Amino acid sequence: MASKSHLLLLITISTLLISTVTCRILTTTTSADLVSDGVQNEHNSILRLNSFVSAEEACEQTYGFLPCTNTALGNLFLILVYGYLMFLAATYLSSGSELLLEILGPGLVGGLLLPSLGALPDAMLILVSGLSGSVEVAQEQVSVGMGLLAGSTVMLITVIWGTCINVGKCDIENSVAIDNQDTKGFNLVGSGVSTDIWTSYSAMIMAVSVLPFIVVQFPQIMHSDSGRHLSVLLGLIVSVSLLIAYCVYQVVQPKLQKRRLAFAKHKHVRSRILKYLTSRALGGLVDDQGKPNNDVLLKLFTSIDSDGDQRLSHSELRALVLGMRLHEINLKEDDAVNKVMKDFDTSENNEIDFEEFIAGIANWIEEAKASRIKAQMADPDTLKYIHDYYEETKKEHDLLGEDAGEDDEEEGVDDPRGTSIKAVLFLLIGTFIAAAFADPLVDAVGGFSAATSIPSFFISFIALPLATNSSEAVSAIIFATRKKQRSASLTFSELYGAVTMNNILCLSVFLALVYARGLTWDFSSEVLVILIVCVVMGVFGSLRTTFPLWTSFIAFALYPFSLVLVYVLDYVFGWS
C-alpha cells in the first residue's frame, strides 16, 4: 500500500532533480570565450556560460523543463529517479486494484481490469519508446521497449519464480508439499511447493501466448525480406485475439472452478462413504460375480436405519456421515446428506428404501471400478479398488484447490464509498505517474547507452523490469512465504498471468507501433529468448503441480543464459 513516506520521497527527488538542471555560473577566470561586463580593470568580473555545456553537446529536456544530461553518471541518476517513480506508479496501480477487487469481486475486475493495469507501466514505456521523434529516432529507441518486454518476461518467470520456490518451500511427502511444514531444510528433493491444477492451466496458457511472436517472426524464419510488414499486422491480430480470449477466460474461470470443485466434493463424499461402509462390512460389498452382496448390504442398511422403519431419512444419513471428517474438504454434513439423497432417492420422496440403497451402492461401485487404470487387469479385491478410488478422488479435490479457510474468508468492506474513491484516486495517480515519466525514463536509458556505449537493450532488459515489475515481484514473494498450497497457487498463477499479459497486451502495443510507424522488426534473438524461456517454463509448469527445490535452479540458470544468448546472437553471429 502506498504510504505518506512516498510523498516525502517524491518531494526530495524533485528537489534533487531541480538541483541538477544546467545553469549559468559567475567566474573571474579570463578566457577568450568570456563575455565582458564593460568594466575595464585588472580584476573585472565576468559572466560566463557553464563551460561543460556547449552548443554541440546540449541535451534536450523532456517536456522542456525536466533535467537532462549527457554524462553517464547523470543519466544513471535519472534512470534511478525515474525508475523509482515508475515503481511508485506500479505500487499505486496495484493498491488501487486490490481495493477495487474487494468492492467489486473477481469477474470483470479480476479478469479484465487488473491484468491490464498490472501491465500498464510496461505498456506505457513501450508506447513512448516507439512514438519518440522521427522514424529513425523511434527505430533506435524501440529497442528499449523490446528490452523491457523481454526483460520483464524473463525476470518474472526465472528469478522471481525461483525465489518463490525457495521462500515458500515445505516438506514434500507422497509427491505433495505439506502446508506449513518445513523441517527438511535445504533439501533439493524433499522440500518444495505444490500448486493446484488451475495454476498448471495458467502455465499452459503462458506457453501458448508466445504464438504472436512466432507469427511476426515467420519471414525471418523463412529467410525472406518480403512480407515483414504483413507479418507484423498478422501478429497484431493474433495478439489482440489472444488478449480478448484470455480476458474472457479469466472472467469465466472462477465459475468453472466452483463447478468442478463442487463435482469433486460430490465424488469425494461417494468414495469416503464407500470406504467407510467397506470397513464396517463383515463381508465384501460385492459377491464373487462382482454384484452387490445383498446380505452384507442389508446388515449395513439395518445398522443405519435407527428407527427400524425400513427407510433411511435425512437424520439417519446425517448420523452416517458424522465423524467422516468432511471438514477436510470444507463440506458440511447437511450438504453431504443432500448429495447422497440425490444419488439414492430415485422416487424423490426424501427417503431411501432398501432397493434404492442397493441400486445406489451398485452405481457407486461401478464408478469406482471404471475409475481404475486398466480396470480389466486390476486386482479384483473390493477393498483395493475402493481404496484406490478414494485416493484418486481425494487427489482430484486437492488439485482443484480450495477457496475456503481461515485466512481466506471474505470480509465485507466497511466503507464502500470511501474505499471506491480511494481506489480510483490510486489508479489515477498511478496512471498519471506512469504516463508522465515513461518518456523521460526512455530518454535517460538512451542517454546512458550513448554515454557508455552499452546497447540500450541490455540496460532496459536488466534495469527497467526492476522498476515496473518490482511491486508484483515483492507481492508474489511475500505471499509465497505463507507456505500453503493455496498461497503458492495464487503466487505462481500471478506470475504466469503477468508474463501472459506481457506477451499479448504489451506485444499488441509494440506491434501496433511498429506497423503504424513503418518500423523494422529486427528482434530475432530477443524473440528467441522469450520463446525459449516461456515454452520451457510453461511446459514445465503445466506438466506437474509439485516443484521440488531443485527446479528453482533451472529457473535461475535461464536468466544469465538469456543475456548471454542475446549477446552471442547479436554481437558474435550478427543476428537481426
Side-chain angles (χ1 to χ4, degrees), residues 153-208 210 257 264 328 373 388 391-402 405 407-408 469 472-500 529 531-562:
T153 294
V154 173
M155 184 190 76
L156 288 172
I157 207 60
T158 59
V159 177
I160 306 305
W161 192 95
T163 302
C164 290
I165 293 285
N166 279 266
V167 302
K169 65 181 178 64
C170 297
D171 296 344
I172 296 178
E173 296 179 6
N174 297 322
S175 301
V176 177
I178 309 301
D179 286 355
N180 293 319
Q181 180 177 313
D182 186 15
T183 62
K184 297 182 179 180
F186 195 78
N187 192 314
L188 294 178
V189 177
S191 61
V193 301
S194 290
T195 61
D196 58 31
I197 195 66
W198 300 99
T199 307
S200 298
Y201 296 160
S202 297
M204 192 182 306
I205 292 172
M206 181 189 71
V208 174
V210 301
Q257 185 172 0
E328 292 181 355
I373 300 175
D388 292 345
E391 293 297 332
E392 177 188 313
T393 54
K394 183 177 184 299
K395 183 178 181 181
E396 179 183 347
H397 176 269
D398 291 341
L399 284 176
L400 286 173
E402 180 58 78
D407 299 331
D408 305 312
N469 294 279
E472 289 178 341
V474 171
S475 173
I477 292 172
I478 291 176
F479 207 66
T481 59
R482 296 187 181 182
K483 294 182 179 294
K484 291 184 177 181
Q485 183 198 42
R486 172 165 167 75
S487 60
S489 300
L490 293 175
T491 295
F492 289 105
S493 293
E494 180 182 354
L495 293 179
Y496 295 142
V499 173
T500 301
V529 164
L531 289 176
I532 291 175
V533 172
C534 287
V535 171
V536 169
M537 296 303 295
V539 173
F540 193 53
S542 63
L543 293 180
R544 60 191 306 156
T545 56
T546 297
F547 302 92
L549 194 57
W550 63 265
T551 60
S552 66
F553 294 98
I554 295 178
F556 287 142
L558 283 173
Y559 188 81
F561 168 79
S562 302

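Just so it is clear, the structure is predicted and the values come from calculations on it, not from any experiment. In this chain, numbering begins with 1 at the start of the sequence shown.
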Below 4.5 Å, heavy atoms only, C-beta onward: do [X] and [Y] meet side chain to side chain?
| X | Y | answer |
| --- | --- | --- |
| Phe186 | Asn166 | yes |
| Ile165 | Phe492 | yes |
| Thr163 | Phe556 | yes |
| Ile532 | Phe561 | yes |

Problem set entry | CG/Asn174: more than 12 non-hydrogen atoms of other groups inside 6.0 Å | no
Quick check: closest heavy atoms across [X] and [Y], and the distance to 0.1 Å?
| X | Y | value |
| --- | --- | --- |
| Cys164 | Ala480 | O-CB, 3.9 Å |
| Ala488 | Val193 | CB-CB, 4.3 Å |
| Gly541 | Ser200 | O-OG, 3.5 Å |
| Arg482 | Ser487 | CB-OG, 3.7 Å |
| Leu549 | Asn187 | CB-O, 3.6 Å |

For this session: Would you check if the distance from the ring center of Phe553 to the ring center of Trp550 is below 6.0 Å?
Result: no
With a 3.5 Å distance limit and no angle check, can you tell me whether [X] reaches the backbone of [Y] through a side-chain donor-acceptor pair?
| X | Y | value |
| --- | --- | --- |
| Lys184 | Ile172 | yes |
| Asp196 | Gln485 | no |
| Lys169 | Gly185 | yes |

Would you compute the distance between atom [atom1] of [X] and atom [atom2] of [Y] and round it to the nearest 0.5 angstrom?
| X | Y | atom1 | atom2 | answer |
| --- | --- | --- | --- | --- |
| Met537 | Leu156 | CE | CG | 11.5 Å |
| Trp198 | Ser493 | CH2 | OG | 11.0 Å |
| Thr491 | Ile477 | OG1 | CD1 | 9.5 Å |
| Met155 | Leu495 | CE | CG | 9.5 Å |
| Cys170 | Ile178 | SG | CD1 | 8.5 Å |
| Tyr496 | Ile157 | OH | CD1 | 5.5 Å |

Exercise. Mind checking whether Phe540 and Trp161 have parallel, tilted or perpendicular rings, split at 30° and 60°?
Worked result: tilted
For this session: Tell me yes or no: between the side chains of Thr545 and Thr195, is some donor less than 3.5 Å from an acceptor?
Result: no
For this session: Would you please say whether a donor-acceptor pair under 3.5 Å links the side chains of Thr546 and Ser194?
Result: yes
